[in-house]
Colleague: 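I'd like to ask you about the structure that follows.
The chain is numbered in sequence order, starting from 1. Both counts, for ligands and for their atoms, begin at 1 and track the order of listing.
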Amino acid sequence: MPLDAKSILPARIAVTGGAGFLGSHLCDLLLAEGHEVLCIDNFYTGTRRNIEHLLPNPRFELMRHDVTFPLYIEVDAIYNLACPASPVHYQFDPVQTTKTSVIGAINVLGLAKRLKVPVLQASTSEIYGDPLEHPQTEAYWGNVNTIGPRACYDEGKRCAETLFFDYHRQHKMQIKVARIFNTYGPRMHPNDGRVVSNFVVQALTGQDITIFGDGSQTRSFCYVDDLVDGLFRLMTSPPDVTGPVNLGNPQEFTIAELATEVLDLVGGSSKLVRKPLPQDDPRQRQPDIRLAREKLGWEPAIPLREGLRKTIAYFEALLAEKGRRGAE
Ligand code: NAD
Ligand code: UDP
């Protein structure tokens, strides 16, 4: 009998990858909703800084753990976000990336099966690879190179989706799969390598803005507050809503447009420079979010300019703090 996530509120909730960019914002939201949060992270790309403000909260607990090893905890629901998300980081140790996605999913699903609790997977638009259909609906099966440098992440995440649906069919488990499109905001790592953090840090420090390729490739950027609201709505949706469901902002921009927007907001003297386009870099990406609108009543509220302003303010403060510490 599937559990209704709503019936277990307030609850003790595990967030794997909780010290990362998205995970830390999700921990904030869950605590604000009155839950207890168990943050599980091995600090591969996440930092203590992201969750430092939560440590004094008696409803927050931090556990250093690698999800490629089994977990023995007691919780009422699990959000599985553990996995490096930036191409630079997930390609640094590609075997570990696949292990985190696949063995991590098996461990988290095994835990959810024993506990009979709902489990949500942070999947990705990379499932669609370099898409031949545009915009991407959940029905599209994708166009992924199985042996390229992005495959450790793309195929790892695809296999994790397979595992979630097999556990669902075989063990009648309550699963939720979110396909997350490019998300940005405060607490991205300054050396994360993703485009928004790169451009903002480059503009703020007067470095060249590095456009890979001719900048005509597109992405659709979702502000983090919108995204974690979507994850929460998915987890608390009726049991028959398993996904996969796209979560992202359908407003599509070229990378060149993003660079101009960042420069316009930051000002300064940075120049735009071209760098080689990484192998298998998707040409275009835009979510079709009709399913999220219909099933979750969700759509993003924060436009790019507003989200960029908040992100720039965060990095400005971070860089100033680093500067002060350096001067001490
Ligand atoms: P992030 O790198 O900031 O966070 C990932 C977190 O997982 C980090 O805290 C890291 O230390 C932790 N982690 C990595 N391997 C682990 C392991 N083996 N055991 C335990 N913890 C581990 O990235 P993010 O942007 O916050 O992404 C979070 C999740 O959302 C990821 O699963 C990612 O694939 C997915 N996602 C993110 C985006 C995006 O645009 N941010 C897009 C699509 C999917
Ligand atoms: N990109 C860029 N300059 C950078 C970093 C990224 O032009 O300094 C491009 C990258 O080639 C890709 C897009 O921006 O086309 C988004 O890259 P990101 O790594 O943020 O995410 P993903 O490719 O996984 O969507």
Side-chain angles (χ1 to χ4, degrees), residues 15-27 39-48 50-51 63-69 71 79-91 93 96-97 99-101 103-105 107-108 120-127 130 150 153-154 156-157 160 178-185 187-189 192-202 207-224 227-228 231 246-249 253-256 258-259 272-285 287:
V15 179
T16 76
F21 160 50
L22 294 184
S24 62
H25 286 275
L26 181 62
C27 291
C39 167
I40 298 160
D41 209 295
N42 70 348
F43 295 105
Y44 185 63
T45 49
T47 65
R48 271 182 84 83
N50 285 345
I51 39 121
M63 179 179 171
R64 184 186 278 264
H65 179 82
D66 182 330
V67 295
T68 62
F69 296 94
L71 302 86
Y79 289 82
N80 186 36
L81 274 65
C83 187
S86 146
V88 174
H89 293 292
Y90 71 64
Q91 289 172 26
D93 187 350
Q96 180 63 22
T97 299
K99 280 187 186 170
T100 294
S101 274
I103 302 174
N107 287 332
V108 164
L120 181 147
Q121 167 68 356
S123 191
T124 168
S125 53
E126 292 283 336
I127 294 294
D130 190 4
R150 296 177 84 99
Y153 183 74
D154 300 7
K157 288 283 186 179
R179 288 188 180 152
I180 303 169
F181 284 64
N182 296 67
T183 302
Y184 69 99
R187 300 192 202 142
M188 293 184 92
H189 198 283
D192 182 83
R194 281 180 278 189
V195 69
V196 173
S197 44
N198 267 13
F199 285 3
V200 169
V201 170
Q202 287 164 346
Q207 298 172 66
D208 292 340
I209 309 262
T210 52
I211 296 187
F212 298 167
D214 64 5
S216 64
Q217 72 272 34
T218 68
R219 294 294 186 274
S220 305
F221 299 102
C222 186
Y223 188 67
V224 61
L227 196 280
V228 295
L231 293 179
N246 289 339
L247 293 180
N249 193 321
F253 295 87
T254 66
I255 294 305
L258 175 73
L272 304 183
V273 296
R274 295 268 173 89
K275 297 271 180 189
L277 188 69
Q279 189 190 328
D280 297 338
D281 199 281
R283 289 284 324 146
Q284 54 182 0
R285 187 179 287 157

Colleague: What atoms of ligand 2 come within less than 4.0 Å of a heavy atom belonging to Ile211?
Modeller: 7 (O)
Colleague: Please list, in number order, the atoms of ligand 2 under 4.0 Å from a heavy atom of Asp281.
Modeller: 10 (C), 11 (O), 12 (C), 15 (O)
Colleague: Could you tell me, atom by atom, which parts of ligand 2 come under 4.0 Å of a heavy atom of Gly193?
Modeller: 5 (C)
Colleague: Return the option from Arg150, Arg194, Lys275, Arg274 holding the heavy atom at the smallest distance from atom 24 (O) of ligand 2.
Modeller: Arg150
Colleague: Quick one: which of Ile51, Val67, Asp41, Thr183 has a heavy atom closest to atom 19 (N) of ligand 1?
Modeller: Val67
Colleague: Can you list the ligand 2 atoms lying under 4.0 Å from a non-hydrogen atom of Glu126?
Modeller: 24 (O)
Colleague: Which ligand 1 atoms are under 4.0 Å away from a heavy-atom of Lys157?
Modeller: 31 (C), 32 (O), 33 (C), 34 (O)
Colleague: Between Asp192 and Arg187, does the salt bridge (charged side-chain N to carboxylate O under 4.0 Å, His left out) criterion hold? Intermediate values first, please.
Modeller: CA-CA 10 Å; Asp192 182 83; Arg187 300 192 202 142; over 6 Å; no
Colleague: Could you tell me, atom by atom, which parts of ligand 1 come under 4.0 Å of a heavy atom of Gly46?
Modeller: 8 (C), 9 (O), 10 (C), 11 (O)
Colleague: Is there side-chain contact between Thr100 and Tyr44, with at least one heavy-atom pair below 4.5 Å?
Modeller: no
Colleague: Answer yes or no: does an N/O atom from Phe212 fall short of 3.5 Å to an N/O atom of ligand 2?
Modeller: yes
Colleague: With a 6.0 Å cut-off (strictly less than), is the heavy-atom count around CZ of Arg48, excluding the residue itself, greater than 12?
Modeller: no
Colleague: Going through the distances and angles, do Glu126 and Arg150 end up as a salt bridge (charged side-chain N to carboxylate O under 4.0 Å, His left out)?
Modeller: CA-CA 9 Å; Glu126 292 283 336; Arg150 296 177 84 99; 2.6 Å; yes
Colleague: Just go through Asn42, Ile180, Thr97 and tell me whose heavy atom is the nearest to atom 13 (N) of ligand 1.
Modeller: Asn42
Colleague: Just to confirm my output: which protein heavy-atom neighbour is closest to atom 13 (C) of ligand 2, and how far is it?
Modeller: Ile255 CD1, 3.6 Å
Colleague: Using a strict cut-off of 4.0 Å, indicate which atoms of ligand 1 neighbour a heavy atom of Gly17.
Modeller: 6 (C), 7 (O), 9 (O), 12 (C)
Colleague: Nearest to atom 17 (O) of ligand 2, what protein heavy atom do you find, and at what distance?
Modeller: Val195 CB, 4.0 Å
Colleague: Atom 36 (N) of ligand 1: which of Phe181, Phe221, Tyr153 has the nearest heavy atom?
Modeller: Tyr153
Colleague: Could you name the option among Asp192, Thr45, Val228 that has the heavy atom nearest to atom 8 (C) of ligand 1?
Modeller: Thr45
Colleague: Could you tell me, atom by atom, which parts of ligand 1 come under 4.0 Å of a heavy atom of Phe43?
Modeller: 11 (O)
Colleague: Take the angle between the ring planes of Tyr153 and Tyr90 and call it parallel below 30°, perpendicular above 60°, tilted in between.
Modeller: parallel
Colleague: Short N/O distance, under 3.5 Å, between Arg219 and ligand 2?
Modeller: yes
Colleague: List ligand 1 atoms under 4.0 Å from Asn182, heavy atoms only on the residue side.
Modeller: 40 (O)
Colleague: Using a 4.0 Å heavy-atom threshold (strictly under), name the region of Ser86 that reaches ligand 1: side chain, backbone, both or neither.
Modeller: neither
Colleague: Side-chain contact, heavy-atom cut-off 4.5 Å: Arg274 with Asp214?
Modeller: yes
Colleague: Using heavy-atom distances only, which candidate in Cys83, Gly20, Cys222, Ala160 approaches atom 7 (O) of ligand 1 most closely?
Modeller: Cys83
Colleague: Is there a polar contact between ligand 2 and Gln217, counting only N or O atoms under 3.5 Å apart?
Modeller: yes
Colleague: What do you reckon, does Pro278 have a nitrogen or oxygen under 3.5 Å from a nitrogen or oxygen of ligand 2?
Modeller: no
Colleague: Closer than 4.0 Å to some heavy atom of Ala82 - which atoms of ligand 1 meet that?
Modeller: 7 (O), 20 (C), 21 (N), 22 (C)
Colleague: As an exercise, identify every atom of ligand 2 less than 4.0 angstrom from a heavy atom of Asn198.
Modeller: 4 (C), 5 (C), 8 (O)
Colleague: Heavy atoms only: which of Pro84, Gly23, Gly104, Ala85 lies closest to atom 23 (O) of ligand 1?
Modeller: Ala85
Colleague: Please verify whether a non-hydrogen atom of Arg285 lies at under 4.0 Å from ligand 2.
Modeller: yes
Colleague: If you count the atoms of ligand 1 from 1 in the order shown, which ones are under 4.0 Å from a heavy atom of His65?
Modeller: 19 (N), 20 (C)
Colleague: Check ligand 2 against Asn182 and write out every atom of the ligand that is under 4.0 Å from a heavy-atom position of the residue.
Modeller: 21 (O), 22 (P), 25 (O)
Colleague: For atom 3 (N) of ligand 2, what's the nearest protein heavy-atom neighbour? Residue, atom name and distance, please.
Modeller: Thr210 O, 2.6 Å
